[in-house]
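The first residue in the sequence is number 1, and the count goes up from there.
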Amino acid sequence: KYMRELFWADASTHWVNKADYELMLQQGKKIVDIMLVGGHLMFPFIHAQRKMYGFSGLRLKGYEYDNDDVKDARGMLILYNNSQYLSQIIGHNPLEDGRRLIVPVDYAIVRDDKIMPSVSLNELKDGDEVVDIGQKTGRVYSEAVARARTIVWNGPLGVDDLKYVEGTSHIIEAIDGNKISVKVAGGGSTISVVRAHEKKLGRVLEVGFRSTGGGSTLREAAHDSATTLSLAKSYKRLQAGLYGANYEALRNAAFRKVA
């Protein structure tokens, strides 16, 4: 649901813009340029792609097939993925060709009680357990994060927050390494895995604003809340100097020019 809403959302759909046209700072711009798929959302996209590209059906361990989810995934692939699987076969970067939905190019799986760190879509077999994004996907996703100027992250990339964390670790370090973007990390599992990685590294990471509300974070990204409306109006008032002399130091600090 939130994926569809985020793809459709543009600046004009936000409550802020409907309530006050003065605040339409990004009118006509899409909210989401690129969306990266991981975690349990990988499964319907795996099945949808295999159907689209003529592979046989699969019974993946740990996933109960949901026809509605697979239909939704197929629809989003058609609208926003621009045949990523076919283009990557001939060596195209998945981040190119104008696609907004990026799905894993490979997967980490458990097969016969052994971890296989990089298995492509066509190499999956009945009984495989997909547990994380693959190594190639980690590099692609890290590149996407490095390019971004706004990052909203919700949910670990693996299917188990504690056991399969390699893909998530790549993303955490890529987000930390991007020093110029606005960043938000949402969800209890997300914050938990960030803290675990910080403990492992022995330092605090710059992943941006941290919220334990995962769904709320996505909802906020798609549709501004009343809180955002209030903050945006306060921003405009402060910018215009309407709070008076007592707030002049704050205004100068907030809007100082960076050389």
Main-chain N/O of [Y] paired to [X] side chain as donor or acceptor, under 3.5 Å:
X: Ser169; Y: Val165; answer: yes
X: Gln84; Y: Asn81; answer: no
X: Glu198; Y: Leu205; answer: yes
X: Asn178; Y: Ala148; answer: yes
X: Arg100; Y: Gly98; answer: no
X: Ser181; Y: Arg149; answer: no
X: Arg210; Y: Ile191; answer: no

Can you establish whether the number of heavy atoms outside [X] located under 6.0 Å from its atom [atom1] is more than 12?
X: Asp112; atom1: CG; result: no
X: Arg195; atom1: CZ; result: no
X: Glu96; atom1: CD; result: yes

Checklist entry - Transitive ILVMFWY cluster of Phe209 at side-chain heavy atoms under 4.5 Å: who else is in it? => result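 Besides Phe209, the cluster holds Val184.
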Flag the pair [X] / [Y] as yes when at least one side-chain heavy-atom distance between them is below 4.5 Å, and no otherwise.
X: Phe45; Y: Met76; result: yes
X: Tyr107; Y: Ile46; result: yes
X: Met35; Y: Tyr80; result: no
X: Val130; Y: Val159; result: no

For [X] versus [Y], what's the shortest heavy-atom pair and its separation?
X: Tyr141; Y: Val37; answer: OH-O, 2.7 Å
X: Leu157; Y: Gly167; answer: CB-C, 4.1 Å
X: Ile133; Y: Pro104; answer: CG2-CG, 4.1 Å
X: Val193; Y: Ile172; answer: O-CD1, 4.0 Å
X: Gln88; Y: Pro94; answer: OE1-CG, 4.4 Å
X: Asp106; Y: Pro117; answer: OD2-O, 4.4 Å

Measure the [atom1]-[atom2] distance between [X] and [Y] for me, rounded to the nearest 0.5 Å.
X: Asp132; Y: Ser118; atom1: CG; atom2: OG; value: 11.5 Å
X: Ile34; Y: Ile151; atom1: CD1; atom2: CD1; value: 11.5 Å
X: Ser56; Y: Lys51; atom1: OG; atom2: NZ; value: 12.0 Å
X: Leu77; Y: Tyr85; atom1: CG; atom2: OH; value: 13.5 Å
X: His47; Y: Asp69; atom1: NE2; atom2: CG; value: 10.5 Å

Next on the checklist: Distance to the ring centre below 6.0 angstrom and angle to the axis at most 45 degrees; does that hold for Arg237 and Tyr243?
Outcome noted: yes
Cluster overlap [X] with [Y], hydrophobic side-chain contacts below 4.5 Å:
X: Val182; Y: Leu36; value: no
X: Leu60; Y: Tyr65; value: yes
X: Leu201; Y: Leu162; value: no
X: Val105; Y: Phe55; value: no
X: Ile171; Y: Leu95; value: yes

Checklist entry - Would Trp153 and Thr168 count as a side chain to side chain contact (heavy atoms under 4.5 Å, CB included) if you check the C-alpha gap in whole Å, the side-chain angles of each, and the deciding distance to 0.1 Å? => result CA-CA 11 Å; Trp153 173 34; Thr168 306; 3.7 Å; yes
Checklist entry - Between Tyr53 and Asn122, does a side chain to side chain contact (heavy atoms under 4.5 Å, CB included) hold up when you go through it step by step? => result CA-CA 9 Å; Tyr53 299 120; Asn122 61 301; over 6 Å; no
Item to check | Polar contact flag, side-chain donor to acceptor under 3.5 angstrom, Asp161-Ser189 | outcome: yes
Checklist entry - Given His170 and Gln135, is the side chain to side chain contact (heavy atoms under 4.5 Å, CB included) satisfied, shown in steps? => result CA-CA 9 Å; His170 283 300; Gln135 293 175 335; 5.9 Å; no
Looking at [Y] and [X], is any side-chain nitrogen of the basic one under 4.0 Å from a carboxylate oxygen of the acidic one?
X: Lys200; Y: Glu173; answer: no
X: Asp97; Y: Arg99; answer: yes
X: Arg111; Y: Asp128; answer: yes

Item to check | Listed once per pair and sorted, the salt bridge (charged side-chain N to carboxylate O under 4.0 Å, His left out) pairs that draw on residues 179-190, sequence neighbours left out | outcome: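 Applying salt bridge (charged side-chain N to carboxylate O under 4.0 Å, His left out) to every pair that reaches into residues 179-190, excluding sequence neighbours, yields Asp176-Lys179, Lys179-Glu206.
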Checklist entry - What's the verdict on side chain to side chain contact (heavy atoms under 4.5 Å, CB included) for Asn93 and Glu143, showing C-alpha distance, side-chain angles and the deciding distance? => result CA-CA 10 Å; Asn93 186 334; Glu143 181 183 347; 3.3 Å; yes
Checklist entry - Where does the angle between the aromatic ring planes of His40 and Phe43 fall among parallel (under 30°), tilted (30 to 60°) and perpendicular (over 60°)? => result tilted
